[in-house]
Participant: 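The structure under discussion is supplied below as structure tokens; questions concerning it will follow.
Chain naming here is simple, since letters A, B, ... match the order of the sequence lines and numbering starts at 1 in each.
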Amino acid sequence: MSDKQDFIFESLQDTQTIKGYLESILEGLEKGKIILRSNGEEICLEPANLVKLGIKARKKGTTRKLTMKLSWKEEKGVTISSIKQLDIVN
Amino acid sequence: MIHETVNLLSASLRLFTSSNPNDFEKIFSKDDYIDNLKNLIETECFSNFISEKALTKRDLNDIRALQTIAVNLERIADQSVNITKQLGYLENPDFINRFNYTQMFGTVLEGLESVMPIYEKRDLQGALDICKREPLTDRLYKQNFDKIMEMFADDHPNKDLVTTLFIFRYLERIGDLILNIGEALILAIVGEKIKIHQFLSMQSNLEQLGFDGSASDIDFQSILGSRSGCRISRLGQGKREVSKTKESIFKEGNTHKIRTEKESLETWNTLFPGLAPRVFSYQEGESTTSMLVEFIHGCPFDEILLNGEDESLNNALFVLMETSREVWLSTRKEEPIATDYMKQLQERFAHIRQVHPEFYRGEQDIGFTKVLDTGSLLQRCREIEKELPAPFSVRIHGDFNVNNLVFDPEEQMIHYIDLYRSRQADYIQDISVFLVSNFRIPIYEKILRDRLNQIIKDFYVNATLVAAEWHDSTFDARLTLALARSFYTSTRFEHNKVFAEEMYLRAHFLLDKLLLFANLGRPWQEFRMNTTVLYY
């Protein structure tokens, strides 16, 4: 059985609301636990001490894209890697 | 191919009176030959599409008609073979002669023999005559069927009765196929795919108007699609000169829908003569109803939007805004009226999910931030909507879509068409439908998109001015609900996933914002809609 779990959330937001979402994630980062639920299925991410941070920005035509990627390895007996990707497209 | 099919059918007929084994053989091999001919014709028809020769609309109609005729001839041959096989099962070959089959054969054979001359002469009356052979074969079938049933009841049932029933059933099916051929001929002749029953009700509408010409005096031209479920054709000058006012549109469909539209058109014409088409004639049938309404001269608004000069577009938009404002002003009734945007959305939900099953947001948590699932969101917003009745009502178009508006530059007039949803309601219903009908035009080229955005902006600003003038303090909140409804329901017409998703996400954004505001418990007068959702 695959140990792969995915969580996807896509929406259109104004910056004020985006701030709210980011704060939720920030709080999780501080507490060392980010919980994401979708239709009752839960993904719990526990960011390690060392987290890889990637920030990418792009301008193409009228499209703007800012990608922020946090990735790390969680080691609890078995190695599980999780990637959380946040795309903010205007 | 027609000749071969006639021969095959005639050979089947001969077997009813004289059983010649050679005839059986001949029939089966002829059927194979007819199959080949059909394939050849189909190949020939479709090869036109890969040739470099440009095809005219008439060429296309001819190709469609010829292909349909070939397919149906091949099926007639198959049914003849079936009849022949059934003859072989008769225990008493003479038994079939107790029934009247010659008239049925005669009806279909004469029909088949007239196909080529009718096609060559473009003889519309002839094509209609072919179509009328179908109800005739049905009647003859019924007579034989009744006779068979009587014989069953006579207490000496005979196995041959079952075989006989099959034979007549196959003959009746040949009548249906003849009808398909007749309708294909109508397509080739008038350039319009039209069913015979529509044609006949159109003729009787014309007779009601005192039109005494023959079918070929009518000129058909398709001007609109049939998204609303009504077949629409324009009856025009044809071979004789008919004044402009005689030009009309034939509408046929569900009785309730057509009757509602008729009543609505009459009301509009009393209120604003000339704004909506006049009803020339109306005929209620058992299951369907038809009417002839005035053909409105001018240019459909969406055509000006996409192809017109900037100046004509601005002019048309100005007249549209003035007209709608005047309509709202003079039909305004002061009593508050409940709106039902969320209900309209929920009612169309199954259809939306059929086209886009994935356009449903599940319940989600992102850390401490909770995201409501679509179903609950709509239900909550439906509750909110109850708190937000429109402060007054006006007579709305009901489907204030860019393609339901016609601009006449000579008269400097906007006309409303397709008014079967017209009623006394919140003016925001028309505003949101108009705004989203511009937004959802699947055009991404920057120049045209800028144009659409500009129209949206101008119309929106004009609407806000009216709202301010009339002290409509919950305008933003109601517009949010109405827009969410229009965006979400429009996705069912859009198969470009990326573009459809834009509308789906906008609908959620609007409703999320509304719900968030409702949770604050602040007065609705303070709610402001984020207008960027209007533009793409």
Participant: Contact part of A/I34 toward chain B, heavy-atom cut-off under 4.5 Å: side chain, backbone, both or neither?
Facilitator: neither
Participant: Please report the shortest heavy-atom distance between A/S24 and B/G367, naming the atom on each side.
Facilitator: CB-CA, 4.3 Å
Participant: For B/Q525, does the CD atom sit with more than 12 other heavy atoms under 6.0 Å from it, leaving out its own atoms?
Facilitator: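 For B/Q525, atom CD is crowded (more than 12 foreign heavy atoms under 6.0 Å).
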Participant: A quick test of your reading: do over 12 heavy atoms of other residues, nucleotides or ligands sit less than 6.0 Å from CD of B/E309?
Facilitator: no
Participant: Please determine, by modelled atom types, if A/T62 and B/K446 share a side-chain donor-acceptor pair under 3.5 angstrom.
Facilitator: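 Absent: no donor and acceptor within the cut-off.
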Participant: Just verifying a value: how many Å separate A/S11 OG and B/D512 CG, rounded to the nearest 0.5 Å?
Facilitator: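 That separation rounds to 7.5 Å.
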Participant: Could you give the distance from CD (A/Q13) to CG (B/L505), rounded to the nearest 0.5 Å?
Facilitator: 9.0 Å
Participant: Would you mind reporting whether A/R37 and B/E363 have side-chain heavy atoms less than 4.5 Å apart?
Facilitator: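 In short, these two side chains do not touch, never coming nearer than 4.5 Å.
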Participant: More than 12 foreign heavy atoms under 6.0 Å from CZ of B/R353: is that the case here?
Facilitator: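 More than 12 within 6.0 Å, yes.
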Participant: Within the supplied structure, the quantity of interest is the number of heavy atoms (other residues, nucleotides, ligands) at a distance under 6.0 Å from B/L520 CG; does it exceed 12?
Facilitator: yes
Participant: Can you say whether A/E42 sits under 4.5 Å from chain B via the side chain, the backbone, both, or neither, judging by heavy atoms?
Facilitator: neither
Participant: Crowded around A/K52 NZ? As in, over 12 foreign heavy atoms under 6.0 Å?
Facilitator: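 No, not enclosed.
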Participant: Taking atom CG of A/L53 as the centre, report whether more than 12 heavy atoms of other residues, nucleotides or ligands fall under 6.0 Å from it.
Facilitator: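 Check passes, neighbour count above 12.
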Participant: Looking at B/T369 and A/Y21, what are the two nearest heavy atoms and their distance?
Facilitator: CG2-CE2, 3.5 Å
Participant: Any non-hydrogen side-chain atom of B/Q364 less than 4.5 Å from a side-chain atom of A/L36?
Facilitator: no
Participant: Using a 6.0 Å cut-off, check whether atom CD of B/E358 has over 12 heavy atoms from anything other than its own residue.
Facilitator: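 Buried by this count: over 12 neighbours within 6.0 Å.
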Participant: Between CD1 of A/I43 and CG of B/D365, what distance do you get to the nearest 0.5 Å?
Facilitator: 12.5 Å
Participant: So do the side chains of B/F368 and A/I35 get within less than 4.5 Å of each other, counting heavy atoms only?
Facilitator: no
Participant: Please classify the contact of A/I8 with chain B as side chain, backbone, both or neither, using a heavy-atom distance under 4.5 Å.
Facilitator: backbone
Participant: Take B/I366 and A/I25, measure what side chain to side chain contact (heavy atoms under 4.5 Å, CB included) needs, and give me the verdict at the end.
Facilitator: CA-CA 7 Å; B/I366 297 168; A/I25 292 167; 4.1 Å; yes
Participant: For A/E27, is the CD atom crowded, meaning more than 12 foreign heavy atoms sit under 6.0 Å from it?
Facilitator: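 Enclosed.
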Participant: Less than 4.5 Å apart, side chain to side chain, heavy atoms only: is that true for B/H508 and A/L12?
Facilitator: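 Contact flag for B/H508/A/L12 side chains = no.
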